Amino acid sequence: MTAPFRTPPTFDVDAVRAEFPILSRQVNGRPLIYLDSAASAQKPTAVIRAMTAAMEGSFANVHRGLHTLANETTDAYEAARESVRKLLNADAGEIVFTKGGTESINLVAASMGLELQAGDEIVISELEHHANILPWHFLRERKGVVLRWAPVTDDGAIDIEGLKALIGPKTKGVAVTHMSNVTGWRSPARQIADAAHAAGAWVLFDGCQAVVHGEVDVKAIDADFYVFTGHKLYGPTGIGALYAKAERLAAMAPYQGGGEMIGVVTKDHITYAEPPHRFEAGTPPILEAIGLGAAIEWLSGQDRAAIAAHEDALYRRAVERLEGCNWLRILGAAPGKGAILSFAVEGAHAHDVAQILDRYGVAVRAGTHCAEPLMQRFGVTSSARASFALYNTLDEADRFADALITARSFFDR
Amino acid sequence: MTDDIAAELDALADEFDMLGDPMDPERYRHLMDLGHGLDPLSNEERTEANKVRGCASQVWLVTEPRDGRLIFRGDSDSDIVRGLVAVLVTLFSGRAPEAILAFDIKAAFARLGFESAISSQRSNGFFSMVQRVRRDAEAML
């Protein structure tokens, strides 16, 4: 079977690349082939300009001043929140800015964890990133909460029936990925949410990858919580978001205390600001929020279906070019997966592979990808990962595959 | 046994320079070949105590004092790190501690074209190995 690897005419990858200044640089004397976007994506000029423009033209602290710059900055910060709201199809007041996906999940675990008792259960999966494991482990250690682990299939998907079987009367929450950072598998979110809700539990989705590669509608999937980070979404580091249903946020205790999140403070009494500000203690990452807003607006101006088709073509191109390489083991090839190619090379340490690829200008990740339970599930100590983004080209997919084949030859002895 | 580490480094650098410019991937192939020439450590020597703290790849280094000199042997589950160990052994094993301490180990690897390999210190533990070599040399003084 040979599918045509043509990029749809509505998506002009060369035009997109021109908006990412860093992509024109050389690495080790060769053109950069950046295949580590699942770790952190590069930034378009629109993001760089928005942050620079704020610093050069209008900046002050938010929600605090009565002067022009404070008002302008507050407007820009809240406009960024509106961009996030639209991106997820949330309602007003349901978006909390955090410093990233990790903090978003920690916030939910800390606040929702307050009401949990020993023996209460949280269902997660073997597919999760550590960010969606550790906060729940804290509840296990501190409160005696029981973690139930949904199994992962050989092709890198959560076993949905296995997951459903774990959900029961003791289940208080279900926290799973919306798209795996290792296998690229996309979870059937609505199905999982329905199963959780039927048991009276809430559901959280880790959308750090999913939000980059497709459209997300928190209403359609009936998520109680949805988290993502900005820096994988072509935005800056240090900013992310938590979506929570309004009634959830209204009932949740604050996560951190400080400025910006209070109503009244006396020596023996405090009241809190309304959500979402209740959950944003201290001066927030203002410039980063503005940058994230710019990234979302920029991405929303693209044809996202065309991007998805392009990314899929990149993945298929690389896999096809590597077909027949019996030393290659792809971790996770579930149907409908996204453009993330994790692999182990027989007889070679993943770090060595990545270091040699770097000499060919190819940037890939190597290690456990912050997903050690999944590495254990696959029986590998580490793996390498090539993750494709909208700015990668078919030629880059070819050159990656060729460099990998050459790198493998280094290990013949 | 002499302590002319610089001459040994010159010889190694000549070998690598024949393979092309400092960024040429072929250097890694040669480095890994050097690693294959290293005598593997026995399982008894692959102890926690001999393990060099590193994040992903495992590295072991055994140091033995002999006649006022240091003998190094090492191993790793990473072919590249094993090659780096081989270079380290070639340059420093059998030398007097003073000679080892007087030598800029990092600069030596940079000259061979492996600066990036050793600057990613958190990921391969190589930097910890260099510190270990220096520490063991200092302990002998």
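Below, read A as the first sequence line, B as the second, and so on, with proteins coming before strands; counting in each chain starts at 1. Only a predicted model underlies this, so the values are computations on that prediction, with no experimental measurement involved.
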Apply the test side chain to side chain contact (heavy atoms under 4.5 Å, CB included) to residues I356(A) and R27(B): give CA-CA distance (whole Å), side-chain angles for both, the deciding distance (0.1 Å), then the verdict. CA-CA 10 Å; I356(A) 295 168; R27(B) 282 179 182 250; over 6 Å; no
Any side-chain heavy atom of P25(B) within less than 4.5 Å of one from Q355(A)? no
Neighbour count >12 (heavy atoms, 6.0 Å) for atom CG, D14(B): yes
Take I80(B) and H349(A) through the side chain to side chain contact (heavy atoms under 4.5 Å, CB included) test and state the conclusion after the steps. CA-CA 9 Å; I80(B) 287 179; H349(A) 199 288; over 6 Å; no
Please state whether the side chain, the backbone, both or neither of D33(B) comes within less than 4.5 Å of a heavy atom of chain A. neither
When rounded to the nearest 0.5 angstrom, what distance separates OH in Y28(B) from CG in D358(A)? 7.0 Å
By the salt bridge (charged side-chain N to carboxylate O under 4.0 Å, His left out) test, which pairs, at least two apart or in different chains, include something from residues 399-411 of chain A? R321(A)-D402(A), D395(A)-R399(A), R408(A)-D412(A)
Please check: side-chain N/O of D352(A) versus main-chain N/O of D79(B), any donor-acceptor pairing under 3.5 Å? yes
Shortest non-hydrogen contact between G113(B) and R359(A), atoms and distance: O-NH2, 2.6 Å
About how many Å separate NE2 of H30(B) and CZ of F410(A), when rounded to the nearest 0.5 Å? 12.5 Å
